[in-house]
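Encoded as structure tokens, the structure appears first; notes follow it.
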Amino acid sequence: MIVKTLEEELNLADWQVKKVIKLIDDGNTIPFIARYRKDVTGSLNDETLRKFDERLKYLRNLQDKKEKIIKRIEELGKLDDDLKKQILNAKTLVELEDLYRPFKSKKQTRASKARDKGLEPLADIILAQKVKESIKNIAKKYVTDEVKTPEEAIEGAKDIIAEVVSDNSTFRKKIRKNTFHTGQIETKAKDKDTSTEYDLYYNYAEGIKKIPPHRILAINRAEKEGVIRVKLTCDADEVLRYLNRHMLKNISKIPEKIEYNRYTTPIIKEAVADAYKRLISPAIEREIRNYLTEKAEKKSIEVFAKNLNQLLMESPLVGKTILGWDPAFKTGCKLAIIDETGKVLDTALIYPTAPQKKIRESVKTVRDLIDKYDINVIAIGNGTASRESEEIVAQIIKNTNVEYIIVNEAGASVYSASKLADEEFPDFSEGERSAVSIARRLQDPLAELVKIDPKSIGVGQYQHDMNQKQLTESLAGVVEKVVNEVGVDLNTASVSLLNYVSGIGNTTAKNIINYREENGSFNSRSELLNVKKLGKKTYEQCAGFIKVDNPEHPLDNTTIHPESYDATFKLLKKLNYSVNDIGKSSFKVKNINIDEISDELNIGEETLKDIIKELEKPGRDPREDMPKPVLRKNVLSIDDLEIGMVMQGTVRNIVDFGAFVDIGVHQDGLVHISQLVEDRFVKHPLDIVSVGDIVDVKVLDVDTKRNRINLSMIV
């Protein structure tokens with residue numbers, strides 16, 4: 001069942017599903033399977049494998065619950081073949097819960113209290129709809145010390161009937177589906193005279209089926225903050241007609257015909273109405289809103305994950321000495337200079353902004369640092385006092401070769417106050433650590449951003465309103481994917497970076513660092529086997545993603561896995577090359593029979609293709625193909641913008657309704673989804689742009705009071 005479901009959902013062959021399940025069950029990581037088991041999986045990529053792993057866990061959990069529910073109902077003596085078949089065929093946890101509801105142990109309900117008073121036989125008589133006398137007369141037989149009157153007995157019977165209706169899985173499934181497809185979500189302001197950012201939802205209605213994810217999250221937040229009331233509406237009369245039709249039709253030989261029994265029909269209708277209003281409708285509303293929220297969260301997490309992936313894959317600014325500038329007012333601007341390797345050369349504190357405004361002294365300090373360390377670029381954080389700092393920097397670098405860039409410092413303060421930062425820079429203030437982080441995230445975004453909780457990096461929407469566990473897991477998966485795609489230098493990688501390498505957790509990462517500190521630089525990948533608690537399985541999973549600069553083994557600085565070294569040497573020999581030829585412009589592999597050579601070398605065709613690709617360009621950083629950071633020399637203010645002006649910018653964040661672009665005026669401009677391309681419907685901005693893209697934009701509107709800029713990529 002699980003194999004078949006995965007086949008259909010992910011459009012995979014039976015053999016692929018079975019192979020991937022075995023690889024996962026054998027303890028292989030997703031990055032390892034994606035890169036080094038292509039021949040086994042049919043070249044499934046990282047994204048597909050992560051979806052596979054997520055669905056496999058869900059389906060196994062579903063299967064486990066099915067078995068427990070079947071066992072429980074069997075113990076109650078109420079399991080028949082039809083019910084067992086329905087349970088086994090259930091495709092979701094919601095569907096499974098619907099089937100289990102009638103047998104589930106409940107807290108005291110009105111129906112359970114009525115049953116305890118012996119009123120279930122009366123409810124059965126009413127449901128049978130065969131009586132030919134007043135139910136009140138029949139109910140007299142059920143009057144006891146606990147049931148004082150016939151009317152009280154009838155009310156108890158109605159409570160039982162209402163619960164019977166509510167517990168019917170077929171009814172719930174039908175009503176849920178009908179409400180979702182035909183209902184509306186409606187919102188009303190609690191105080192319509194008070195203006196908030198949620199004005200749109202003060203008197204708002206939209207079809208449940210059509211409402212987009214970002215609106216669901218906005219409505220949820222507005223409701224949580226007490227600004228609006230939210231309810232779902234549908235055609236209740238139609239629902240009641242459906243329920244009555246099914247509860248009353250069994251008194252007629254014609255299924256579609258409802259005959260009226262003047263003694264029982266009114267009672268059943270009252271019970272049905274009560275069941276829908278009191279039990280079914282509130283539950284369905286909760287379920288649909290939970291479904292909408294989960295769907296919206298999933299979509300937002302996907303957008304956040306893709307933005308994060310693109311941010312981490314931004315091109316590093318190599319070969320530059322960078323001055324990191326953490327701007328501030330009262331406490332002064334913290335500076336840190338890093339060399340080409342990220343090593344901190346110096347720090348300083350200046351007060352060019354209000355209230356001190358020691359501009360002359362600050363300019364002299366920075367110019368002296370530029371001359372002393374031959375600084376190439378100044379990276380300014382985009383926080384408080386960033387605009388004022390930018391104006392001063394532009395003045396400082398005038399008539400020099402130095403350039404500057406505004407860097408998104410989201411999360412820098414989180415890092416600077418962390419235990420990790422304290423261990424890395426025990427003698428630095430938090431401001432100095434932040435300045436170092438700002439400089440390093442320009443020099444190598446990936447290496448620096450892995451030190452920060454991905455949720456704090458600032459490339460998502462409504463991230464604080466969604467399922468934090470799912471968000472954390474998804475973003476951790478993105479970081480893991482990127483780190484392994486890029487690879488890490490074993491002798492320079494931090495604990496944070498190593499922590500995301502395939503097969504290596506935090507403890508092993510620390511053990512690697514400890515080994516490096518005690519024994520000096522690693523000379524080979526195989527030396528990892530000397531690290532405490534790093535066994536053969538972990539080595540298998542991580543070795544291909546870790547590189548050693550100037551290694552003893554010539555292939556240890558490539559992405560070729562050690563398990564393929566022998567085959568690689570045989571290939572080189574067959575091609576009349578030596579290891580010294582690897583990476584040279586003269587090294588070309590042409591006109592070879594992949595199928596024939598893979599058989600000869602006893603390796604898969606996809607593995608052989610990857611080996612050849614790596615031999616031609618060993619250790620190539622995939623981030624080299626990404627757009628380079630846009631460096632500036634002059635300040636541009638929002639007041640300088642004119643409608644119709646065309647300029648270049650960098651995509652900083654992507655949300656469901658558009659993309660935010662940095663055009664160098666401190667305030668990112670919004671390119672609405674309708675302005676991304678001309679004459680084409682865009683389902684989502686991610687189909688057109690990525691975080692880090694360099695794009696040409698035209699200014700459509702500037703609102704200086706609200707500090708908003710509307711842009712268009714249709715130029």
Side-chain angles (χ1 to χ4, degrees), residues 314 317 322-329 333 350 352-355 357 359-360 362-363 366-367 370 375-410 438 442 458 627-655 657-676 678 685 689 691-715:
E314 282 189 348
L317 191 66
I322 302 172
L323 185 151
W325 183 303
D326 182 22
F329 286 115
C333 298
I350 57 176
T353 55
K357 279 198 170 184
I359 297 176
R360 183 179 299 176
S362 299
V363 169
V366 177
R367 282 181 175 166
I370 289 173
I375 292 168
N376 308 112
V377 179
I378 297 176
I380 307 170
N382 67 342
T384 304
S386 176
R387 165 56 59 189
E388 292 77 6
S389 295
E390 183 182 7
E391 292 174 353
I392 293 163
V393 167
Q395 177 185 337
I396 292 171
I397 65 175
K398 192 174 182 179
N399 299 321
T400 72
N401 293 324
V402 180
E403 297 174 296
Y404 78 87
I405 187 171
I406 303 297
V407 174
N408 184 354
E409 65 175 52
I438 290 168
L442 174 63
K628 305 299 179 187
V630 178
L631 302 176
R632 308 179 186 279
K633 291 187 73 70
N634 301 311
V635 177
L636 186 65
S637 165
I638 192 171
D639 297 322
D640 298 325
L641 298 180
E642 296 178 5
I643 294 174
M645 181 183 288
V646 176
M647 55 211 314
Q648 196 175 67
T650 305
V651 178
R652 293 299 182 200
N653 195 14
I654 296 172
V655 292
F657 50 85
F660 289 96
V661 178
D662 174 9
I663 54 174
V665 297
H666 193 58
Q667 175 62 44
D668 291 347
L670 172 66
V671 180
H672 189 266
I673 190 169
S674 62
Q675 294 294 323
L676 290 170
E678 194 172 10
V689 290
V691 169
D693 281 357
I694 308 301
V695 295
D696 290 325
V697 292
K698 180 170 65 177
V699 178
L700 294 182
D701 184 56
V702 180
D703 185 342
T704 53
K705 289 184 179 179
R706 300 171 73 187
N707 212 27
R708 291 184 179 179
I709 306 165
N710 291 328
L711 305 171
S712 174
M713 283 174 50
I714 304 171
V715 297

Those residues that, when tested against I350, pass side chain to side chain contact (heavy atoms under 4.5 Å, CB included) (two or more places apart): W325, C333, L335, P352, S362, T365, V366
Sequence neighbours excluded - side chain to side chain donor-acceptor pair (under 3.5 Å) pairs with any residue from residues 392-404: E390-Y404
D662: salt bridge (Lys or Arg N to Asp or Glu O under 4.0 Å) partners, not counting sequence neighbours: R652
Do any side-chain atoms of residues 377-384 form donor-acceptor pairs under 3.5 angstrom with protein atoms, and if so which ones, sequence neighbours left out?
| from | atom 1 | to | atom 2 | distance (Å) |
| --- | --- | --- | --- | --- |
| N382 | OD1 | E409 | N | 3.0 |

CD1-CD1 distance between I673 and I654, expressed to the nearest 0.5 angstrom: 10.5 Å
Nearest heavy-atom neighbours spanning G658 and P685: N-CG, 3.6 Å
side-chain hydrogen bond (donor to acceptor under 3.5 Å, both in side chains) partners of K357, counting only residues at least two apart: none
For residues 697-715, run the donor-acceptor check on the side chains, cut-off 3.5 Å, and write out each pair with its distance to 0.1 Å, sequence neighbours left out.
| from | atom 1 | to | atom 2 | distance (Å) |
| --- | --- | --- | --- | --- |
| D703 | OD1 | K705 | N | 3.2 |
| D703 | OD1 | R706 | N | 3.1 |
| N707 | ND2 | Q667 | OE1 | 3.2 |
| S712 | OG | Q675 | OE1 | 2.7 |
| S712 | OG | I714 | N | 3.0 |

Check: I694 and K628 side chains under 4.5 Å, non-hydrogen atoms: no
CD-OG1 distance between E314 and T650, expressed to the nearest 0.5 angstrom: 8.0 Å
Spatial distance of atom CD1 (I322) from atom CD1 (I405) [nearest 0.5 Å]: 9.5 Å
S389 backbone acceptor or donor facing T353 side chain under 3.5 Å: no
Results of side chain to side chain contact (heavy atoms under 4.5 Å, CB included) for A410 - residues two or more places apart only: N408
Validation row: I370, I396 side chains within 4.5 angstrom (heavy atoms): yes
Rounded distance (nearest 0.5 Å) linking atom CD1 of I663 with atom CD of Q648: 12.0 Å
Salt bridge (Lys or Arg N to Asp or Glu O under 4.0 Å) contacts touching residues 639-650 (sequence neighbours left out): none
